Protein chains: 2
Amino acid sequence: MKQNTIPPLLPVVPMKACPVESSMGVLGRKWTLLILRNIGVFKKERFNQMLDVTPGLTPRVLSMRLQELERDGFIKRIEENGTPKIVRWELTEKGDDTLPILVKLVEFGAKWFADKVFEDKKPRTIKQLFPQKEARRYL
Amino acid sequence: MKQNTIPPLLPVVPMKACPVESSMGVLGRKWTLLILRNIGVFKKERFNQMLDVTPGLTPRVLSMRLQELERDGFIKRIEENGTPKIVRWELTEKGDDTLPILVKLVEFGAKWFADKVFEDKKPRTIKQLFPQKEARRYL
DNA sequence: CTGCATCCGATCGGATACTG
DNA sequence: CAGTATCCGATCGGATGCAG
């Protein structure tokens with residue numbers, strides 16, 4: 001049973017804009033969070049690597065997202081001189097700070113979309129998915 | 001300075017779909033998270049109340065979002081018999097579980113979009129925004 | 001009060017092909 | 001390897017008006 005006796009919870013500081021809206025304006029577009037995850041968690045930092053591990057993502061859209069993310073300070077383009085040209089993308093501090101959001105989305109998905117996400121359709125906790133001690137950094 | 005020596009962090013359970021993608025499929029549409037916040041945090045549970053506190057949101061889109069959210073089990077329609085007809089929307093357990101995601105988005109926005117969000121343009125922590133003890137429920 | 005119907009312009013992003 | 005260019009259909013959601 002669900003109790004519903006909790007009163008409104010209001011921010012004690014007046015806000016002239018909504019922080020959720022602001023955050024989602026950038027992060028809410030298709031593929032954006034997945035790209036940040038690829039870079040920050042899976043360490044797929046190169047253009048074609050990202051395409052490889054992200055079925056459905058096209059070069060055009062990836063390119064657009066990378067530019068947006070760079071423009072908005074989430075990622076940084078690192079060009080290593082060599083032939084052929086090697087480019088890496090890495091998270092800035094701002095980009096790093098999106099990972100806790102990602103974690104919550106994983107947590108939610110692993111609980112409520114278990115049927116889509118797992119073969120055995122059983123919900124899992126984030127600790128079951130990432131028991132590694134390095135993961136605590138983001139939990 | 002940002003260190004970047006962290007190795008890839010992989011889920012120990014194989015996944016046939018991405019939990020982030022699944023979560024965002026529902027929650028990523030415009031206004032959706034704001035509506036959940038209105039109901040769950042601000043306790044604006046009625047149709048016109050929501051319109052009032054959500055500048056830019058139109059009846060059509062609100063109606064669409066409410067239906068999607070109900071279909072997907074995030075909210076429940078409660079019709080109180082009376083004239084005129086009063087309808088409340090409340091969060092299900094699944095809906096409640098989205099609030100921690102919201103919190104992380106607020107936290108991110110209050111830090112990195114402080115210039116848009118606050119008059120004084122100074123970043124704030126989530127504890128500064130919601131020092132109430134009831135808020136701990138979601139932090 | 002709580003929506004729905006219709007219309008429509010804008011945006012988004014997928015397909016495909018091409019380049020330095 | 002790391003992207004761009006062009007095209008285009010689909011979707012989204014804003015405006016407006018109406019209804020139970």
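Naming convention: chains lettered A, B, ... in sequence-line order (proteins, then strands); numbering from 1 in each chain. Model, not experiment: these values are computed from the prediction.
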Legend entry - Between C:dT2 (P) and B:Ile86 (CD1): distance, integer Å: 5 Å

Inset, instruction - Classify the nucleic acid contact of B:Leu66 as base, sugar-phosphate or nothing, counting any heavy atom under 4.0 Å across all strands shown. - result: nothing

Legend entry - Pairing residues for A:Glu119 by the side chain to side chain donor-acceptor pair (under 3.5 Å) criterion, not counting sequence neighbours: none

Inset, instruction - Can you tell me the distance, in whole Å, between the CG atom of A:Leu69 and the C1' atom of D:dG3? - result: 16 Å

Legend entry - Separation of atom CD in A:Glu80 from atom C1' in D:dC1, rounded to whole Å: 13 Å

Legend entry - Smallest separation among heavy atoms of A:Ile39 and A:Glu90, with atom names: CG2-CA, 3.9 Å

Inset, instruction - Describe the nucleic acid contact of B:Glu79 in one word from base, sugar-phosphate, nothing, applying a heavy-atom distance below 4.0 Å. - result: nothing

Inset, instruction - Would you indicate, yes or no, if D:dG3 has its OP1 or OP2 atom less than 4.0 angstrom from a side-chain nitrogen or oxygen of A:Trp89? - result: yes

All N/O pairs under 3.5 Å across the protein-nucleotides 11-15 of chain C interface:
from, atom 1, to, atom 2, distance (Å)
C:dC12, OP1, A:Arg29, NH2, 3.2
C:dC12, O5', A:Arg29, NH2, 3.3
C:dG13, OP1, A:Lys30, N, 3.2
C:dG13, OP1, A:Arg65, NH2, 3.2
C:dG13, OP2, A:Arg65, NH2, 2.0
C:dG13, N7, A:Arg60, NH2, 2.4
C:dG14, OP1, A:Lys30, NZ, 2.7
C:dG14, OP2, A:Trp31, NE1, 3.0
C:dG14, O6, A:Arg60, NE, 2.8
C:dG14, O6, A:Arg60, NH2, 3.2

Inset, instruction - Respond yes when some side-chain nitrogen or oxygen of B:Gln67 is under 4.0 Å from OP1 or OP2 of C:dG3, and no when none is. - result: no

Contacts under 3.5 angstrom, residues 122-130 of chain A side chains, donor-acceptor by atom type, not counting sequence neighbours:
from, atom 1, to, atom 2, distance (Å)
A:Arg124, NH1, A:Asp120, OD1, 3.1
A:Arg124, NH1, A:Lys122, O, 3.0
A:Arg124, NH2, A:Asp120, OD2, 2.8
A:Thr125, OG1, A:Lys127, N, 3.4
A:Thr125, OG1, A:Gln128, N, 3.2
A:Gln128, OE1, A:Thr125, N, 2.8

Legend entry - D:dA2 OP1/OP2 closer than 4.0 Å to side-chain N/O of A:Arg88: no

Legend entry - With A:Pro59 via side chain to side chain contact (heavy atoms under 4.5 Å, CB included) - residues at least two apart: A:Phe47, A:Leu51

Inset, instruction - Apply side chain to side chain donor-acceptor pair (under 3.5 Å) to A:Ser22 and list each qualifying residue two or more places apart in sequence or on a separate chain. - result: none

Legend entry - With A:Lys44 via side chain to side chain donor-acceptor pair (under 3.5 Å) - residues at least two apart: none

Legend entry - Separation of atom CZ in A:Arg46 from atom C1' in D:dG3, rounded to whole Å: 13 Å

